[in-house]
Every structure is written in C-alpha cells, then in structure tokens.
Amino acid sequence: MPELPEVEVLARHLQPLLPEKKIREVLVGRAKIVLPDSPATFREALLGATFTGLTRRGKYFLFQMRRAKSREIFTLLGHLGMTGRMYVTPKSIPLPKHAAVVLDLGREQFVYEDTRYFGRLTLDLTSVTELGPEPLSADFQPEPFGAALRRSKQAIKIKLLDQSLVAGVGNIYASEALFRAGIAPQKAANRLTPKQVQALWAAIRTVLAEAIECGSTIPLNMAGGGSGGLFYFGLAAGVTDYYEERLRVYDRAGRPCLQCKRPIRRIVQAARSTFFCPHCQRK
DNA sequence: CACCATGTTCCTTG
DNA sequence: CCAAGGAACATGGT
C-alpha cells in the first residue's frame, strides 16, 4: 500500500487519533524495524513521550513527539516499506502475526505491523534529508525537474523512482504518470522534449492528487466503523478493487488500453514491472 | 517448485 | 566521486 497517496491518506486518518496520547510501554517485536536504533535505545527514547502531531514527507511519516520530563520535542520517522501497516486499536484486539512495534497508549495501542519487515520506525532521520521536492507543493517546479532529467541517461521510468528527483512516486504511479503524459517508459530521461517534461510534471501531480482524493473518501469512510477503530487502508469489504479500477495501466498487461483499445504491455526495468501502452506512449 | 509483489540500501562495476 | 545495474532483505499469494 505505500506510495505517497497511501501514506498521505493514512497520515490523515491517524492525525486526529494520536495527539496528546502518551506512550506507556514500547514493544519491539522485530529489531530490524527500528534500525539504526537498538530496541533498547528506541524504547528509552519513547517511553513516557507524547504524540503531538503527524506530517508526511514523500513516503515517510513524521510523528512529532514531546519528551516527558524535559518537554523537549523530537521526531519519530515511519516508513511502510512494501507491506507495512499502522493503526490504533483498543488493547482488547489481539496483535497481528507480524507485529513489529507496539506502543502502549493506555486503553489503546499503536501497532506497526509489517509482513516482510522492509519498513522502518526509527529516530534516525537521515533518509528524509536526501529527498527531492514534495510533488504536490510549490517546491516542485517544472524547470528544476527538467534540469535534473537532462542530467540522467536512465530510462525515465527508472528515474521517476529516484526519491531525490521527486519524493513519493513509486512503481505504480511512475507507470500511471507516464501513461497520462504519453511518454514511453524506456525513453532516456535526458531525451524528453520540454513539452514532455511539462506534461510529465503535471501528470505526476494529477495522478498523485487523484489517488489521495480517492483513498481519502471511499476506503476511509468504510473502515474503522464496525471493527472498533481497526483501520486497514483499502481493504474495506466491498471496495477492495476500487483502488485498482482507478489505475489505467498498472497491472493491466494484455487488457485493452482505455484510450486506444490495443493491449497494455508489461516490461521489466531495473528488475521491476512497468506497464504501458506501446501505441499511446511512443518513443 | 516457480514467479511475482506498492521499497530502499548496499555492493560492484565502469 | 558518480552513474548505473543487480542482489539482498523476508514473507506470502498465485
């Protein structure tokens, strides 16, 4: 679930649930998640601390915290990796199989679960400092974006996954943005025309903004209701495939292009799937 | 058993 | 030093 839109939607969901909740106990179920902190350091830093706010940067969550005695503020960084989930539940709800970190909040608990354990929940903030501009903010401008693309000979699809170019685009939305912009994914970044740069810049913003819109309405309203606050993004019953229906090329290999009816093709770039329409996205 | 999966980092090569 | 390619990480679904 984790590209920028999914992170944003989950952040909006968690935002009102956390402020002023105090961490009474910290359980690290899988040490790797907390790296480069040690479980002991991590626990000591969070014990007694209070959540004060939550923001997002790229695919990262930035939890604003306040230390118990010193009142000093600090940031807890979260990343969902490929399979991470975070939610706040009553303590009566049993922990999932792959509970990586659990924060005891009193009557509730904050759960970070991750089946593949690729994610992070840590006090180390170095990875955020290397991120490129936030795509939906005014920091993301077509000219610097184009200038960065001109410096790279990589295939544009691969370049879009570079978080220092622009933060938050992942494998799904890279394919989606290129389809919207009508650009072939194999095209070298430095060969895009100024018009293509402009179109891609706009497509990235459109695709991400629409995905946020989508995620913040249907799944959110349905989730949490019956299950005592349990929140599973995109997994609300009956709307399971709403998410996929929005996507125009991703995971649609062999199916007709929504614009020209010719089959969508899947190729592999940098060991990851790319989906595109060879007709609508020509070199 | 084989292959695939929304991500990042580390190592190697040139 | 940098760009680029590939493996590694770990588990589960098909």
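Note that the structure is predicted; figures quoted are calculated from it, not measured. Here is the naming used below: chain letters follow the sequence lines, and residue numbers restart at 1 for every chain. In what follows, every heavy atom counts, from backbone to side chain, and hydrogens, waters and symmetry copies are set aside.
Across all strands shown, B/dT6 forms no Watson-Crick or G-U wobble pair with both key distances under 3.5 Å. Judged by Watson-Crick or G-U wobble contacts below 3.5 Å, the nucleotide C/dA10 has no partner.
Closest to the side chain of A/Glu3, out of B/dT6, C/dA4, B/dT8, is B/dT6. You'll find that the side chain of A/Tyr117 is closest to C/dA10, out of C/dA4, C/dA10, B/dT6. Across B/dT8, B/dG7, B/dA5, the shortest atom-to-atom separation from the side chain of A/Tyr60 is found for B/dT8. The side chain of A/Arg30 has C/dA10 as its nearest neighbour among C/dG12, C/dG5, C/dA10. The A/Ile172 side chain lies nearest to B/dT6 when the options are B/dT6, B/dA5, B/dT9.
The nearest whole Å value for the distance from the CG atom in A/Leu161 to the P atom in B/dA5 is 13 Å. Regarding A/Gln154, its CD atom lies at a distance of 13 Å from the C1' atom of C/dG6, rounded to whole Å. Across the protein-nucleic acid pair, A/Ile158 atom CD1 and B/dT8 atom P stand 15 Å apart, rounded to whole Å. The distance between atom CG of A/Leu80 and atom C1' of C/dC9, rounded to the nearest whole Å, is 17 Å. In this entry the distance linking CD1 of A/Ile156 with C1' of C/dA4 reads 15 Å, nearest Å. If you measure from atom CD of A/Glu6 to atom P of B/dG7, you get 9 Å, rounded to the nearest angstrom. Following rounding to the nearest Å, A/Arg116 (CZ) and C/dT11 (C1') show an atom-to-atom distance of 7 Å. As rounded to whole Å, 13 Å separates atom P of B/dT8 from atom CG of A/Leu165.
Each of A/Phe118 and A/Leu77 belongs to its own hydrophobic cluster when Ile, Leu, Val, Met, Phe, Trp and Tyr are linked at side-chain heavy-atom distances under 4.5 angstrom.
Spacing between C/dA4 and B/dT6 at atom C1', rounded to whole Å, works out to 23 Å. A distance of about 15 Å separates the P atoms of C/dA10 and B/dC11, rounded to the whole Å.
Regarding contacts with the backbone of C/dA10, every side-chain N or O of A/His98 stays at 4.0 angstrom or more from both OP1 and OP2. One finds no side-chain N or O of A/Lys32 lying less than 4.0 angstrom from the OP1 or OP2 phosphate oxygen of C/dC9. When the side-chain nitrogen and oxygen atoms of A/Arg272 are compared with OP1 and OP2 of B/dT6, one or more of them lie within a distance under 4.0 Å. OP1 or OP2 of C/dA4 sits under 4.0 Å from a side-chain N or O of A/Ser152. Close to C/dG12, at under 4.0 Å from its OP1 or OP2, lies a side-chain N or O of A/Lys97.
Taking CG from A/Leu136 and CG from A/Leu4, the interatomic distance works out to 6.0 Å, rounded to the nearest 0.5 Å. Note that CZ of A/Arg107 is 10.5 Å distant from NZ of A/Lys91, once rounded to the nearest 0.5 Å. The NZ atom of A/Lys157 sits 9.0 Å away from the CZ atom of A/Phe275 when rounded to the nearest 0.5 Å.
In this structure, the side chains of A/Met86 and A/Phe110 come closer than 4.5 Å at one or more pairs of heavy atoms.
Nucleic acid contact class of A/Lys159 (heavy atoms, under 4.0 Å, all strands): none.
Toward the 5′ end of DNA chain B lies the nearest nucleotide of A/Val268, the other residue of the pair A/Phe118 and A/Val268 mapping further downstream.
Cation-pi geometry between A/Arg248 and A/Phe179 is not met at under 6.0 angstrom from the ring centre and within 45 degrees of the axis.
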